[in-house]
Engineer: 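Next up is a structure, given as structure tokens.
Quick caveat: nothing in here was measured; it's all calculated off a predicted structure. We count ligands from 1, going down the list as the structure has it; atoms in each ligand are counted the same way.
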Amino acid sequence: MKLDKHFINHLTTARNIGVMTGAGISADSGIATFRGKDGLWNNIPVEKVATLEGFLENPELVWKFYDMRRIEISKAKPNHAHLTLKELEDFYQVSIITQNIDGFHKLAGSSNIIELHGNIWEVRCMETGKVSNNTEAPLTTIPPKSETGSLLRPNVIWFGEALPQKALDLSLKIASESDIFIVIGTSAAVQPAASIPMIAKRANAFLVEINIEETQITRFTDLFLKGKAVKVLPELIKEIKKIKGK
Ligand code: BV8
């Protein structure tokens with residue numbers, strides 16, 4: 001991979017690297033993305049399975065949707081792109097802001113992860129708001145209930161729901177302190193997540209995008225690396241090792 005000299009300069013002097021990931025980084029683990037060719041939202045009405053209203057109307061339908069995704073994720077594992085982001089920690093202070101709910105960055109061993117949209121392996125009690133782990137795949141009872149018989153929901157952020165304030169505040173802090181900010185595998189279609197790379201850019205981060213196609217933020221980036229994350233990231237870390245003399 002031939003790197004542009006501005007990028008080499010930034011890679012040489014940078015300390016903090018912020019990363020924001022979307023479904024595209026897990027695509028090479030076999031996990032369906034949301035938009036594009038075989039996207040989940042092509043065949044499944046978003047408002048029915050990814051809103052609180054849809055859940056209250058038909059909790060069984062929503063849990064069948066998440067159970068299908070939990071089964072898919074339970075059979076997959078982090079790919080070389082996730083593992084490379086862990087390796088990046090050998091050279092920089094790396095903070096990962098992810099829109100993904102698959103937990104793959106944690107499984108890959110990354111240290112600083114912010115889950116903006118929640119985690120598919122957590123459930124939240126509709127009665128008490130208590131969050132607990134539930135890794136049963138497939139679920140034996142749909143919809144799952146708490147010990148006291150209350151309805152449980154996936155602990156994910158649906159459309160129309162506010163993102164966890166702490167996660168959002170920390171993400172904005174990371175974006176404003178990043179020397180380099182790398183956006184990987186997201187269509188940048190969903191707010192407020194899609195604004196985070198722009199905040200990094202405004203705070204003078206060198207903004208890099210890795211995607212198989214251009215997105216709504218490509219025109220604002222300093223460098224667009226076209227290709228699969230599972231290919232581009234390992235090639236990038238090879239160049240970083242040369243720069244760092246490793
Ligand atoms: C909120 C649930 C307000 C979890 C998801 C302006 C400001 C604020 C809000 C809005 C706004 N405008 C509109 C809104 C409302 C809405 C929104 O953004 N709508 C959009 C669609 C117009 N936002 C919200 O509702 C948010 N809430 O703002 O609430 C509020 C405030 C206070 C009080 C009350 C309310 C909540 C948004 C979260 C919604 N939840 N999912 C789940 O089931 O997963 S969204 C869903 O999209 C997922 O979370 C996913 O992570 C997210 C983003 O998708 P991507 O990850 O980008 O995936 P996608 O398929 O789109 O793209 C994949 C990309 O990868 C592509 O670019 C592809 O080219 C690339 N790719 C593919 N293969 C590879 C690859 N790249 C590299 N390598 C490969 N191999």
Side-chain angles (χ1 to χ4, degrees), residues 19-55 61-70 72-73 76 78-82 84-85 96-105 113-124 153-165 167-169 171-172 182-199 208-218 221 224-236:
V19 178
M20 186 167 96
T21 60
I25 197 169
S26 295
D28 288 305
S29 296
I31 306 298
T33 60
F34 293 90
R35 300 163 187 91
K37 206 160 48 57
D38 310 322
L40 281 170
W41 297 152
N42 295 351
N43 316 312
I44 302 167
V46 175
E47 61 290 343
K48 290 259 181 263
V49 295
T51 63
L52 179 60
E53 298 69 26
F55 180 69
L61 176 76
V62 173
W63 268 113
K64 283 199 177 122
F65 171 64
Y66 280 92
D67 192 40
M68 174 269 288
R69 292 175 64 196
R70 286 158 58 106
E72 181 190 48
I73 291 166
N79 60 56
H80 206 167
H82 298 97
T84 304
L85 289 178
I96 299 178
I97 302 161
T98 188
Q99 299 171 90
N100 300 340
I101 62 172
D102 56 27
F104 280 2
H105 287 301
I113 304 161
I114 298 169
E115 293 180 321
L116 276 184
H117 294 162
N119 186 305
I120 203 162
W121 299 118
E122 290 175 353
V123 293
R124 190 186 333 149
R153 61 166 280 176
N155 191 35
V156 300
I157 307 297
W158 282 324
F159 285 101
E161 293 190 312
L163 273 58
Q165 197 55 49
L168 206 46
D169 293 345
S171 301
L172 300 179
I182 309 176
V183 192
I184 307 169
T186 180
S187 59
V190 173
Q191 293 292 355
S195 304
I196 294 168
M198 309 312 292
I199 290 163
V208 183
E209 182 179 30
I210 298 172
N211 202 309
I212 54 173
E213 59 188 15
E214 297 206 355
T215 68
Q216 308 181 36
I217 58 168
T218 307
T221 62
F224 177 58
L225 298 173
K226 187 175 170 96
K228 290 187 166 196
V230 76
K231 249 185 84 23
V232 171
L233 280 167
E235 285 171 12
L236 177 56

Engineer: Do Val49 and Leu61 have side-chain heavy atoms sitting under 4.5 Å apart?
Structural biologist: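 Val49 reaches Leu61 side chain to side chain.
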Engineer: Considering Ala32, Gly160, Gly36, Gly39 one by one, which has a heavy atom nearer to atom 35 (C) of ligand 1 than any of the others?
Structural biologist: Gly160
Engineer: For atom 4 (C) of ligand 1, grab the closest protein heavy atom and report residue, atom and distance to one decimal in Å.
Structural biologist: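 Protein heavy atom at minimum distance: Ile157 O, 3.8 Å.
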Engineer: Show me the side-chain donor-acceptor pairs of residues 210-217 shorter than 3.5 Å, one per line, residues at least two apart or across chains.
Structural biologist:
residue : atom : partner : partner atom : Å
Asn211  : OD1  : Glu213  : N            : 3.1
Asn211  : ND2  : Thr186  : O            : 3.3
Thr215  : OG1  : Glu209  : OE2          : 2.5
Thr215  : OG1  : Ile217  : N            : 3.2
Thr215  : OG1  : Thr218  : OG1          : 3.3

Engineer: Of all the atoms in ligand 1, which lie at a distance below 4.0 Å from a heavy atom belonging to Gly22?
Structural biologist: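 Contacts of ligand 1 toward Gly22, numbered from 1: 56 (O).
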Engineer: What atoms in ligand 1 come closer than 4.0 Å to a heavy atom of Arg69?
Structural biologist: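 Checking each atom against Arg69, I get 42 (C), 43 (O), 44 (O).
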Engineer: Could you find the nearest protein heavy atom to atom 1 (C) of ligand 1 and give me its residue, atom name and distance?
Structural biologist: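 I find the closest protein heavy atom is Glu161 O, 3.4 Å.
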Engineer: Numbering the atoms of ligand 1 from 1, which are under 4.0 Å from a heavy atom of Thr186?
Structural biologist: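 By the 4.0 Å cutoff, the relevant atoms are 55 (P), 57 (O), 64 (C), 65 (O), 67 (O).
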Engineer: Protein non-hydrogen atoms only, distance under 4.0 Å: does atom 15 (C) of ligand 1 have such a neighbour?
Structural biologist: no
Engineer: Can you pull out the closest protein heavy atom to atom 33 (C) of ligand 1? Residue, atom name and distance to 0.1 Å, please.
Structural biologist: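 Scanning the protein heavy atoms, the shortest distance from atom 33 (C) of ligand 1 goes to Ala162 CB, 3.6 Å.
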Engineer: Any carboxylate oxygen within less than 4.0 angstrom of a Lys/Arg side-chain nitrogen, looking at Glu161 and Arg124?
Structural biologist: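 No.
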Engineer: Nearest to atom 77 (C) of ligand 1, what protein heavy atom do you find, and at what distance?
Structural biologist: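 Of the protein heavy atoms, Ala229 N, 3.6 Å lies nearest.
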Engineer: Is the side chain of Asn100 donor-acceptor paired with the backbone N or O of Asp102 at a distance under 3.5 Å, no angle test?
Structural biologist: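 Such a contact is absent between Asn100 side chain and Asp102 backbone.
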Engineer: What heavy-atom pair brings Thr84 and Pro234 nearest, and what distance separates the two atoms?
Structural biologist: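 What the structure gives for the nearest pair is OG1-CG, 3.8 Å.
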Engineer: For Ala189, take its heavy atoms, then give the atoms of ligand 1 lying under 4.0 Å from any of them.
Structural biologist: 20 (C), 21 (C), 22 (C)
Engineer: Taking only heavy atoms of Trp158 into account, list the atoms of ligand 1 that are under 4.0 Å away from them.
Structural biologist: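 Under 4.0 Å from Trp158, ligand 1 has these atoms: 36 (C), 39 (C).
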Engineer: So, regarding Phe34 and ligand 1 (criterion: nitrogen or oxygen to nitrogen or oxygen, under 3.5 Å), is there a contact or not?
Structural biologist: yes
Engineer: Do any N or O atoms from the side chain of Asn119 and from the backbone of Asn155 form a donor-acceptor pair under 3.5 angstrom?
Structural biologist: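 Such a contact is absent between Asn119 side chain and Asn155 backbone.
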Engineer: Which atom names give the shortest non-hydrogen contact between Glu115 and Ala167, and what distance separates them?
Structural biologist: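 Here Glu115 and Ala167 meet closest at O-CB, 4.4 Å.
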Engineer: Show me which atoms of ligand 1 lie under 4.0 Å from any heavy atom of Glu213.
Structural biologist: 69 (O)
Engineer: What are the atoms of ligand 1, with element, lying closer than 4.0 Å to any heavy atom of Gly185?
Structural biologist: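 By the 4.0 Å cutoff, the relevant atoms are 63 (C), 64 (C), 65 (O), 76 (N).
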Engineer: Provide, to 0.1 Å, the distance between atom 9 (C) of ligand 1 and the closest protein heavy atom, together with that atom's residue and name.
Structural biologist: Gln191 CB, 3.8 Å
Engineer: Against heavy atoms of Ala23, which atoms of ligand 1 measure under 4.0 Å?
Structural biologist: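 Those qualifying, in numeric order: 55 (P), 56 (O), 58 (O).
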Engineer: Does only the side chain of Val190 get under 4.0 Å from ligand 1, or the backbone, or both, or neither? Count heavy atoms.
Structural biologist: both
Engineer: Can you report which non-hydrogen protein atom sits closest to atom 70 (C) of ligand 1, along with the distance?
Structural biologist: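 Ranked first by proximity to atom 70 (C) of ligand 1 is Asn211 OD1, 3.3 Å.
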Engineer: Shortest non-hydrogen contact from Ala50 to Trp41?
Structural biologist: CB-CH2, 3.7 Å
Engineer: Which is closest to atom 62 (O) of ligand 1 by heavy-atom distance: Pro192, Ser187, Gly227?
Structural biologist: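 Nearest heavy atom to atom 62 (O) of ligand 1 lies in Ser187.
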Engineer: Just to be sure I read this right, does ligand 1 sit under 4.0 Å from the backbone of Ile101, its side chain, both, or neither, counting only heavy atoms?
Structural biologist: side chain
Engineer: Heavy-atom contact check, 4.0 Å cutoff: does Tyr66 meet ligand 1?
Structural biologist: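 Distance cut 4.0 Å: Tyr66 passes for ligand 1.
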Engineer: In terms of relative ring orientation, are His82 and Phe104 parallel, tilted or perpendicular, with 30° and 60° separating the classes?
Structural biologist: perpendicular
Engineer: Can you name the closest pair of heavy atoms from Tyr66 and Val156 and give their distance?
Structural biologist: OH-CG2, 3.7 Å
Engineer: Given 3.5 Å as the limit, does a donor-acceptor pair link the side chain of Thr51 with the main chain of Gly54, or not?
Structural biologist: yes
Engineer: Shortest non-hydrogen contact from Pro78 to Ser29?
Structural biologist: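 Here Pro78 and Ser29 meet closest at C-OG, 3.8 Å.
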Engineer: Checking Arg70 side chain against Ile120 main chain: does a donor-acceptor pair fall under 3.5 Å?
Structural biologist: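 The answer is yes, because a donor-acceptor pair under 3.5 Å joins these two groups.
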Engineer: How far is atom 74 (C) of ligand 1 from its nearest protein heavy atom, and which residue and atom name does that atom have?
Structural biologist: Gly24 O, 3.4 Å
Engineer: What residue and atom, counting heavy atoms only, is the protein's closest point to atom 45 (S) of ligand 1, and at what distance?
Structural biologist: Phe159 CZ, 3.5 Å
Engineer: Output the distance between atom CG (Leu163) and atom CD1 (Ile196), rounded to the nearest 0.5 Å.
Structural biologist: 7.5 Å
Engineer: Report the member of Gln99, Arg35, Lys37 with the shortest heavy-atom distance to atom 61 (O) of ligand 1.
Structural biologist: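 Result: the heavy atom closest to atom 61 (O) of ligand 1 is in Arg35.
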Engineer: Identify which one of Val19, Thr98, Leu85, Val230 satisfies the side-chain contact (heavy atoms from CB on, under 4.5 Å) criterion when paired with Ile25.
Structural biologist: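 Only match with Ile25 under side-chain contact (heavy atoms from CB on, under 4.5 Å): Leu85.
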Engineer: Can you find an N/O atom of Lys228 closer than 3.5 Å to an N/O atom of ligand 1?
Structural biologist: no
